[in-house]
Structures are given as structure tokens and as C-alpha cells.
Asker: 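Take this structure first; my questions come after.
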Amino acid sequence: MTNATVCLSVHFDAVSTWLWSYDSWDMPTRHSRGVYGADVGAPRLLDLFDEYDIPTTWCIPGHTIESFPEICGEVHDQGHGVQHHGWTHRGPSTYESKEAEKADVERGIESIRDLTGKRPTGYASPAWDFSEHTLDILQELDFEWDSSVMAADFRPHYLNGGWKAPADGPYERGEPTDIVELPVSWERDDFPPFTYTWSRPHRMGYVPEDAIFQKWYDQFDWMYEHVDDGVFVLTLHPQVIGQAHRLVRLEAFLQHVRSKPGASFETMDATAAAFRAANPRE
Ligand SMILES: [Zn+2]
């Protein structure tokens, strides 16, 4: 019998995603979509996870923690993991210097420490963007795992550093570091297909829910059948998945996972730690 692990990675961006990811931040109607995530989506998700007793991981920008402290406190109080997702939601590659990028990460650590009393062990990059400095910063600040990279789909691994991608020569993949990677995919993320924007970088939305959920079923079922000890990271945004017509489908998906012998929901921290224990670095 296979063991299959499902990590629900809740990116609680709230308003922050509308400040840095799009081409105008001073627009209250956009902000309201993030407020919906905090006021409506997040409580619904917490209720659903509580009903099924499912541990999850909330990757929360410091901006969200300081803007919506009560609901972030609820996340922590209900026993879910709280991990790093930037203080701002600004893409790491957009900073002018390593120092500026590192200052944002350090500020995010402090926000989480203020909320939970502990520093985060893991990092999910805003918009899954890395700069040339991001991995160094994660190592310097003693992160244990990352979940932003797509070199695998269902197999955790040690994240390579020192890669080179010259335009006029072959790609060099570098060497493994001590950071455990829990791989992600845009194909297991609710935001791009379901969220309509009228500006750069995308205009998606109005995609039939069942088509996207079917991708998630197909990926999970394939992993369950073919990958021993596979890890399925599903990325969810309260302002997106917390809407009624998606919540009913999410609940059905959770029931599907729970119906499979050997499948379980785990936090990302526990999943990374289990990988490290089973695959110790020399
Ligand atoms: Zn995000």
C-alpha cells in the first residue's frame, strides 16, 4: 500500500497580493478582494478544516498578520502551521539589493514570531519567485524548507544551490543544499485559473471549476497509484477557494483523499521533517 501525503498550503495573501503583484495598488475595490479573504474566506476554511480535523499550513505575509491579527490568531490557535510568505508580497527578484530583500524576510520572521512565539521553519516565495540571493538568504536565516520550486512534482528533495544558466552555454544544476524542497505547481493552485484581473500579469478567471478540480483529482490519483511516499502540495487562497461554489468542491476533494487507504493530510513542516529524517544529509 502506498503512503500519500497531502499538504494544504494556504497562501493567506489578503490585501498584500493587490499591492505588489499588479500594476496599481491604490485602488480600494481591489483591496476589498483581500478583505473578503480575511473576513469571509479564511473563517470558512478554518471551519471546514476543523470539521474534518485536517492539519494545514498557512503561509502568511507579515502584512496580513499586522492588518488582520484576529483571524491570523485564529489560524494559529486552531493548531495550523504558520510559515513565511514575505512581509510584503513583493517578488524577491524585484528588490534592488540583497540587503533590501533580506530585510523584508527578516521583518516577516518577526511578524510570525509576534503571532506564534516561534520563528517559521519554512518559506513559500511570493508568486514563487526567487532572486539570485533568495536561497542564500534562506540559509543565512536558518530556514529548514522551501516550497516555491517546480523541478519535481510529487517528490520532496534537497534544493540545489549554485545553479548557472548562461545564455550562451549549458544549464548547470548546482549541488544540493540543506534546504528541503516541497515542490509546487501552477497546476495545483487556485489563483491563476479562478481569479479574474483586468490588468497585467493575467486576465484569467471564469474557468469552469470542475475542469480545474478534475486536474487536482487526476494528479492526486496518479501520484497515489505511481509514487511511493508522494507529497501533493495544493495551494489555496482564502479569497479564491473560500467562495461558495468552490468550497463545496474542495470539501468533496478532501473526502476523496480521506477515502484512500494510506493517504493523509500533514503540515508542511512535519512533511519536510519526515523527508529529512528518512533521507539524512551526509
Ligand atoms: Zn501569495
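Positions are given from 1 along the sequence. Note that the coordinates shown come from a computational prediction; the quantities given were computed from them, not determined experimentally. Both ligands and their constituent atoms are indexed starting at 1 by order of listing.
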Asker: So, applying ring-ring contact (aromatic ring centres under 6.0 Å, His included) with His84, which one of Trp145, Tyr123, Phe12 is it?
Answerer: Tyr123
Asker: Counting only N and O atoms by type, is there a donor-acceptor contact under 3.5 Å from the side chain of Glu266 to the main-chain atoms of Cys7?
Answerer: no
Asker: Taking the six-membered ring of Tyr158, is NZ or CZ of Arg281 closer than 6.0 Å to its centre and within 45° of its axis?
Answerer: yes
Asker: Keeping the roles fixed (side chain from Glu101, backbone from Tyr95), state whether a donor-acceptor pair exists under 3.5 Å.
Answerer: no
Asker: For a distance under 2.8 Å, give residue and atom name for each protein N, O or S atom next to the Zn ion (ligand 1).
Answerer: Asp13 OD1, Asp13 OD2, His85 NE2, His89 NE2
Asker: Within the structure provided, determine whether Glu70 and Glu74 are in side-chain contact (heavy-atom separation under 4.5 Å).
Answerer: no
Asker: In the structure I gave you, are the side-chain heavy atoms of Gln243 and Tyr36 within less than 4.5 Å of one another anywhere?
Answerer: yes
